[in-house]
Amino acid sequence: MDFLDLVKTRYSCRSYTDQPVADHLIDEILAVGGNAPVGRGAYDSLNFTVVKSESALNRIREYSAKTGNDRTLGAKVIIFVSTNNMKNPISYENVACAVDHMALAASNLGLGNCYFYGFIRDMVQENAPQLDALNLPEGYVPLAALGIGHPDPSHVKSPKTELISKVKINRV
Ligand SMILES: Cc1cc2nc3c(=O)[nH]c(=O)nc-3n(C[C@H](O)[C@H](O)[C@H](O)COP(=O)(O)O)c2cc1C
């Protein structure tokens, strides 16, 4: 897809069908995420965890639904992005770059997707037992994730017709 059309098409999807996401689509998204810009090229400070099995998804859902709503929004795959360098705030930037790259890759494949932050921050702050479901390598902490699935056709957002910045701009 043309890049500007892709940006017009991407939106945070919060309703999915039950159709599973094929592995080759997940692999393409991971390849894009793993080529996002990373400060000082410190790719080894990051880790992607693909959560796809029903058992692991259910443990994450169980935690995310503690507040009443399932904050995984019914995503069929969740890719967590973790860092082993919590002491350097650049890790937050690196994780965000990876998640955003994967969001655009997923949208380009026609997959719904949504950036997850809040429930992951809470899981880490509480050191929730459900973190075990990620089976992370020693020393890695999840900071964000991308939920992915086939979008529920009745909730698909129409692409924007034009791109106008929603962020205020000043020029000097
Ligand atoms: C850093 C960051 C954290 C976010 N956290 C969440 C989240 O935890 N849950 C959620 O449903 N959406 C989350 N979002 C999605 C935003 O709410 C969404 O991108 C924004 O409202 C703009 O809407 P759009 O993505 O449909 O264009 C997050 C987005 C970013 C960039």
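Everything numeric in this text was worked out from a predicted model, so none of it was measured. Computation of the quantities below employed the complete heavy-atom set of this structure, encompassing side-chain atoms and omitting hydrogens, waters and symmetry-equivalent molecules. Residue indices begin at 1 and follow the sequence shown. In listed order, ligands and their atoms are each counted from 1.
No part of R71 comes within 4.0 Å of ligand 1, judged by heavy-atom distances. Counting heavy atoms closer than 4.0 Å to ligand 1, residue C114 contributes side-chain atoms (C-beta onward) but none from N, CA, C or O.
In this structure, Y63 and F119 have tilted ring planes: the angle between them lies in the 30° to 60° band.
Within a 6.0 Å sphere centred on CD of E28, heavy atoms belonging to other residues, nucleotides or ligands number 12 at most. Counted within 6.0 Å of OH on Y92, heavy atoms from surrounding residues, nucleotides or ligands total 12 or fewer; the atom is thus considered open.
Side-chain contact annotation: S82 with N84, donor-acceptor N/O pair under 3.5 Å absent. Donor-acceptor pairing under 3.5 Å is lacking for the side chains of D27 and H24.
A salt bridge is absent between E54 and R59; no separation between the charged side-chain nitrogens and carboxylate oxygens falls under 4.0 Å. Under a 4.0 Å N-O distance rule, the pair K66/E126 qualifies as a salt bridge.
Going from atom CG of D18 over to atom CG of D152 covers 10.0 Å, rounded to the nearest 0.5 Å.
Distance from atom 18 (C) of ligand 1 to its nearest protein heavy atom, with residue and atom name: S12 OG, 3.4 Å. Given atom 16 (C) of ligand 1, the protein heavy atom at minimum distance is R14 NH2, 3.9 Å.
Contact atoms of ligand 1 toward G118: 8 (O) (distance under 4.0 Å to a heavy atom of the residue). For ligand 1, the atoms lying closer than 4.0 Å to a non-hydrogen atom of K157 are 26 (O).
At least one heavy atom of R10 lies less than 4.0 angstrom from ligand 1.
Inclusion of F119 in the set of residues having an N or O under 3.5 Å from an N or O of ligand 1 is not warranted. Considering both main-chain and side-chain atoms, Y117 comes within under 3.5 Å of ligand 1 through a nitrogen or oxygen pair.
Distances from atom 31 (C) of ligand 1 to the heavy atoms of Y92, Y11, Y115, F116 show the closest one on Y115.
Remark: atom 22 (C) of ligand 1 lies closer than 4.0 Å to no protein heavy atom.
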